[in-house]
Amino acid sequence: PQDLKEPYEKQSPAPNWKGLVAKIVQMEKDFKGFSPEQMKAIEAEVFIGVGDRNDTKLEHIVEMYNLIPKSQLAVFPNTEHVVLFTNPDRVTSQIKEFLNG
């Protein structure tokens with residue numbers, strides 16, 4: 001979609017839209033997900049950010065949050081999956097807070 005392509009091209013140091021889309025399509029075909037056991041075994045601190053109008057159900061996101069021991073969840077109201085592109089300041093401020101502990 002054009003609303004994703006333009007922000008991507010602005011932010012990427014070496015934009016390659018067609019290559020990115022091809023990689024995402026292949027990743028969606030290949031990736032089967034993580035098991036609950038794999039998610040419980042994650043030792044790193046994990047930031048989970050999601051728009052409340054995302055295609056993924058919030059219940060599923062909360063389940064991931066509950067499974068990953070050191071996770072932090074941020075739900076961005078009135079936003080969709082592409083909130084990082086459409087409103088980067090909103091997201092990066094939360095990520096910076098997370099990274100700064």
Under 3.5 Å, is there a donor-acceptor pair between the side chain of Lys32 and the main chain of Lys29?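 Yes.
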
Run Glu45 and Phe98 through side chain to side chain contact (heavy atoms under 4.5 Å, CB included) and show every step you take. CA-CA 9 Å; Glu45 293 182 29; Phe98 169 76; 3.8 Å; yes

Among the clusters formed by ILVMFWY side chains lying less than 4.5 Å apart, do [X] and [Y] turn up in the same one?
X	Y	value
Ile42	Val62	yes
Leu67	Phe47	no
Val50	Met39	yes

Give every donor-acceptor pair under 3.5 Å between a side-chain atom in residues 68-79 and any protein atom, sequence neighbours left out.
residue	atom	partner	partner atom	Å
Lys70	NZ	Glu43	O	3.4
Ser71	OG	Tyr65	O	2.8
Ser71	OG	Ile68	O	3.0
Thr79	OG1	Phe76	O	2.6

Could you pull out every donor-acceptor pair under 3.5 Å between side chains of residues 19-28 and any protein atom, sequence neighbours left out?
residue	atom	partner	partner atom	Å
Gln26	NE2	Asp30	OD1	2.9
Gln26	NE2	Asp30	OD2	3.1

Point-to-point distance, once rounded to the nearest 0.5 Å, from CD1 of Ile48 to CE of Met64: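 Separation between the atoms: 4.5 Å.
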
Summary of side-chain hydrogen bond (donor to acceptor under 3.5 Å, both in side chains) pairs that have at least one residue in residues 90-101, sequence neighbours excluded: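 For residues 90-101: none.
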
Heavy-atom count around Gln38 CD within 6.0 Å, excluding the residue itself: above 12?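 Yes, the 6.0 Å shell around CD holds more than 12 heavy atoms from other groups.
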
